[in-house]
Visitor: 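Dropping a structure here in structure tokens format, bear with me for questions.
Below, chain A is the first sequence line, B the second, and so on; all start at residue 1.
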2 protein chains.
Amino acid sequence: MSTLSIDRHDLALLDALQRSGDATNATLGEAVHLSASQVSRRLQRLQEAGLITGYAALLDPAALGLDVMAFAHVVLERHGGVRTEAFEDGVAALPEVLECFSVSGNADYVLRIVAPDLAAFSELMMKRVLRLPGIANIKTDIVLGKVKQTHVLPLEHIARPGRPRRGVRFTVS
Amino acid sequence: MSTLSIDRHDLALLDALQRSGDATNATLGEAVHLSASQVSRRLQRLQEAGLITGYAALLDPAALGLDVMAFAHVVLERHGGVRTEAFEDGVAALPEVLECFSVSGNADYVLRIVAPDLAAFSELMMKRVLRLPGIANIKTDIVLGKVKQTHVLPLEHIARPGRPRRGVRFTVS
DNA sequence: CTCATAATGCACGAAACGTGCGTATCGGCA
DNA sequence: TGCCGATACGCACGTTTCGTGCATTATGAG
């Protein structure tokens, strides 16, 4: 357990890094008004603290031939025993299922699924998803168009006015 | 318009880079059985071809105090005129709305929204989302648990057996 | 088999990284 | 207000990484 104080420099760094994770320390330093060495030190701290979990190359799904995306709303059967584990393990093993969340509302789970085309998507659903254990019902929303898609998390809620002057308090295990 | 051939080395590189975008060329080279210089050249090609759209640091939402995530299913009003633009622009301007897709099915749009807590989420929905123009109805699924979440796109559909021996043909603008 | 094209590894100069260190700034306390 | 410990800072510098030039090898068409 450690405590880490985040100031506006760190927030600016996190924001910049979310958008361009391959920027050099010097470039980041310009944007944040810090020297490259300080940027290096801060990044190391932020990573050790767990705020930065890693780096990734972002690929273009369309360029890779992944033209179909859909959200599947899954309802499980309601027999007393806890059959959710088998379903969840099966979902985790399918690379085309990028996400799976349990949710409130009508469905038990929401899945985000990608596929090369409708034929492949159909086959994926019929032969792999629908055969997962414990499924009672699935309703699928196929994505028709993208209005917005980003991985950039909002940071505005941190360091809101009226709170600690120099740095916000974070607790990490 | 150019044509690019992708071989198994490129696929391995893309796969590795999705998972660890900060790996050095030498490290990647080991995994792919290529020299660092070749990795450098291939990455440059893949980026110019648009397969790699960029790099990003991945942040931990929980560590940043973003504990609430939800999917909002939006139905717009059906008066003849095309009022969708105003709604879409409004959505794009909200940083808490990470994604917005138009979908088939009952709803017109699906939004993925994050917020620090339920109070902030409630306020966001009431004061900003619901006030977007043209909305007839919204149903919200709040995420209760994460079974799986990844940005790693599946690449298995490329280079399927029985197709071009050395490299798959890609066309990029 | 021949040959043109493309891919590969090595080498080397340039760039970026990250630690040490002396200085400056901040925040608490008398 | 002035003092002092702790922290943050930039600079310097050795180390690592990058990416281009080039000679060699592999590939595929005719």
Visitor: Return the minimal non-hydrogen interatomic distance between A/A57 and B/I52, and the atom names on each side.
Guide: CB-CG2, 4.3 Å
Visitor: Heavy-atom distance under 4.5 Å between the side chains of B/E77 and B/F87, does that happen here?
Guide: no
Visitor: Rounded to the nearest Å, what distance is computed from the CZ atom of residue A/R42 to the C1' atom of nucleotide C/dG18?
Guide: 16 Å
Visitor: Rounding to a whole Å, what distance do you find between B/E30:CD and C/dG9:C1'?
Guide: 15 Å
Visitor: Hey, does A/T27 have a side-chain heavy atom less than 4.5 Å from the side chain of A/V39?
Guide: no
Visitor: Nearest of D/dT17, C/dC17, C/dA7 to any side-chain atom of B/R45?
Guide: C/dA7
Visitor: Would you indicate whether the side-chain heavy atoms of A/L94 and A/L111 approach each other to under 4.5 Å?
Guide: no
Visitor: Please give, in whole Å, the distance from D/dA8 P to A/I6 CD1?
Guide: 11 Å
Visitor: Please find the pair of heavy atoms, one from B/A56 and one from A/L58, that lie closest to each other, and give the distance.
Guide: CB-CD1, 4.0 Å
Visitor: From the set C/dA16, D/dC9, C/dG18, return the single nucleotide nearest to any side-chain atom of A/H9.
Guide: D/dC9
Visitor: I need the CG-C1' distance between A/D22 and C/dC17, as an integer number of Å.
Guide: 15 Å
Visitor: Axis-to-axis angle across the helix from C/dC1-D/dG30 to C/dA30-D/dT1, five pairs an end, to 10 degrees?
Guide: 40°
Visitor: Is the closest side-chain heavy-atom distance between B/L43 and B/L28 below 4.5 Å?
Guide: yes
Visitor: Of all the heavy-atom pairs spanning B/D108 and B/R78, show the shortest one and how long it is.
Guide: OD1-NH2, 2.6 Å
Visitor: Rounded to whole angstroms, how far apart are CG on A/L43 and C1' on C/dT19?
Guide: 15 Å
Visitor: Tell me: OH of B/Y55 to P of D/dC18, nearest whole Å?
Guide: 10 Å
Visitor: Of A/Q44 and A/T27, whose closest DNA chain C nucleotide lies nearer the 5' terminus?
Guide: A/T27
Visitor: If you take any heavy atom closer than 4.0 Å to DNA chain C, which residues from residues 33-41 of chain B end up in contact?
Guide: B/L34, B/S35, B/S37, B/Q38, B/R41
Visitor: To the nearest 0.5 Å, what is the distance between CE (B/M69) and CD1 (B/I142)?
Guide: 11.5 Å
Visitor: Does A/C100 reach the side chain of A/E88, with side-chain heavy atoms less than 4.5 Å apart?
Guide: no
Visitor: Taking CG from A/N25 and C1' from D/dT17, how many angstroms apart are they, rounded to a whole number?
Guide: 13 Å
